[in-house]
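Report on one structure; see the data block that follows.
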Amino acid sequence: MKTLPILDQSTPFQAPYMPVLLTLVKQLQADLSQQIHSIYLNGSVAARCATVGESDINLTMVVNRELTVIEKRTVATLCDHIAYRYDVVPGVDIRVITLDEVMTLSAIFKWGFWLKHCSVCLYGEDLASKFGLFEPSWEIAKAFNGDIKAVLADCRQKIMATKSVTEYNALCRIAGKKMLRSSFMLVAHRTSSLAYSEQQCADYFLHFYPDKSVEIERIQILIHGPQVPKRASLFLIEQFGQWIVAEFEKIEKKIG
């Protein structure tokens, strides 16, 4: 079986995103210099296929130890500040993991794959060099979507409780992006490519599940708007989200 592709490590990123990335990395270094091991860019910006004004910036930050509550708040505040300051990005997501977590043998199908095939190192020692190339596999899909039940349950609970429009829209984006990424992971083991953008996730998934086009359209509305009523977002999370979970379980029984 062919190995999966890796991201270009040398070509400049799309020009509109360069000031944002420089500010992000510089500020993270200033705020958490002793804790940071390395910082990586992911998603459509890393793949140079982002859409200005629509694509989020996604970072993975490897730290030497667990962040404190205050440090986590600092990171969250920075994400909000960048999204407010720069019109080119609707949101910034920084995933924080410890160096020990990355380097454990049990995490190889998750973090080894993620850093090798889905990341471009922006700062620090590039841990991708510690891993070999990966082939498409069900183990990778399982590693990345084992938390879908918890993520969607958390979003559902918070959507029901929130009275803030800003928070509600953010939760819709989180739930929508999780379902879209998980949809791709349902079929990732059957392809020899990777999906770096939302549209790529949708296209790969619909190739194998063409009858789910309406659900994918609704997910894209959940992510990008216009704002939908709570009952509509909750229905989509409960119905399509649970379908994804059930489909994962069905495939696991068949080939896991």
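All residue numbers in this chain count up from 1 along the given sequence. The figures here come from the full heavy-atom set of this structure, side chains too, leaving out hydrogens, waters and symmetry mates. Since the model is a prediction, treat every value here as computed from it, not as a measurement.
Atom CD of Q227 is surrounded by more than 12 heavy atoms from other residues, nucleotides or ligands within 6.0 Å. Surrounding CZ of F235 are at most 12 heavy atoms belonging to other residues, nucleotides or ligands under 6.0 Å away. Around atom CZ of R181, more than 12 heavy atoms belonging to other residues, nucleotides or ligands sit under 6.0 Å away.
With hydrogens and angles ignored, the 3.5 Å screen pairs no side-chain donor or acceptor of S55 with any backbone N or O of V52. A distance-only check finds no donor-acceptor pair linking the side chain of H117 to the backbone of L133 [under 3.5 Å]. Side-chain atoms of Q9 come within 3.5 Å of backbone atoms of L7 as a donor-acceptor pair (strictly under, hydrogens ignored). The closest donor-acceptor contact from the side chain of Q157 to the backbone of D154 lies at 3.5 Å or more, if one exists at all. Remark: the backbone N or O of I159 is not paired with any side-chain donor or acceptor of T162 at under 3.5 angstrom. Looking only at distances, a side-chain donor or acceptor of K116 sits under 3.5 Å from a matching main-chain atom of F131.
Ion pair K250/E247 flagged as a salt bridge, since at least one NZ, NE, NH1 or NH2 atom sits closer than 4.0 Å to an Asp/Glu carboxylate oxygen. Salt-bridge annotation for E249 and K149: present, with a side-chain N of the basic residue lying under 4.0 Å from a carboxylate O of the acidic one. Ion pairing of K110 with E139 is absent here, as no side-chain N (NZ or NE/NH1/NH2) approaches a carboxylate O to less than 4.0 Å. A salt bridge links E71 with R65: the distance from a Lys NZ or Arg NE/NH1/NH2 to an Asp or Glu carboxylate oxygen falls below 4.0 Å. Look at E167 and K158 and you find no salt bridge, because none of the NZ, NE, NH1 or NH2 atoms lies under 4.0 Å from a carboxylate O. With respect to the salt-bridge test (charged N to carboxylate O, under 4.0 angstrom), the residues K2 and E135 do not qualify.
Using cut-offs of 30° and 60° for the angle between ring planes, the F144 and W114 rings count as tilted.
Side-chain contact check for D8 and T11: at least one donor-acceptor pair (N or O, by modelled atom type) lies under 3.5 Å. Looking only at atom types and distance, the side chain of D31 has no donor-acceptor partner in the side chain of T74 under 3.5 Å away. No hydrogens or angles considered: nothing links the side chains of E54 and H224 as a donor-acceptor pair under 3.5 Å. Side-chain contact annotation: W243 with E215, donor-acceptor N/O pair under 3.5 Å absent.
Screening R173, K230, K163 for a side-chain contact (heavy atoms from CB on, under 4.5 Å) with Y168, the sole residue that qualifies is K230.
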Derivation of the side-chain contact (heavy atoms from CB on, under 4.5 Å) call for L180 and F205: CA-CA 9 Å; L180 192 55; F205 171 72; over 6 Å; no
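Residues that satisfy the side chain to side chain contact (heavy atoms under 4.5 Å, CB included) test with N145, not counting sequence neighbours, are K178, S182, M185, F248.
Evaluation of the side chain to side chain donor-acceptor pair (under 3.5 Å) test over residues 83-93, restricted to residues two or more places apart or in two chains, returns T23-Y86.
Between S183 and I244, some side-chain heavy-atom pair lies under the 4.5 Å cut-off.
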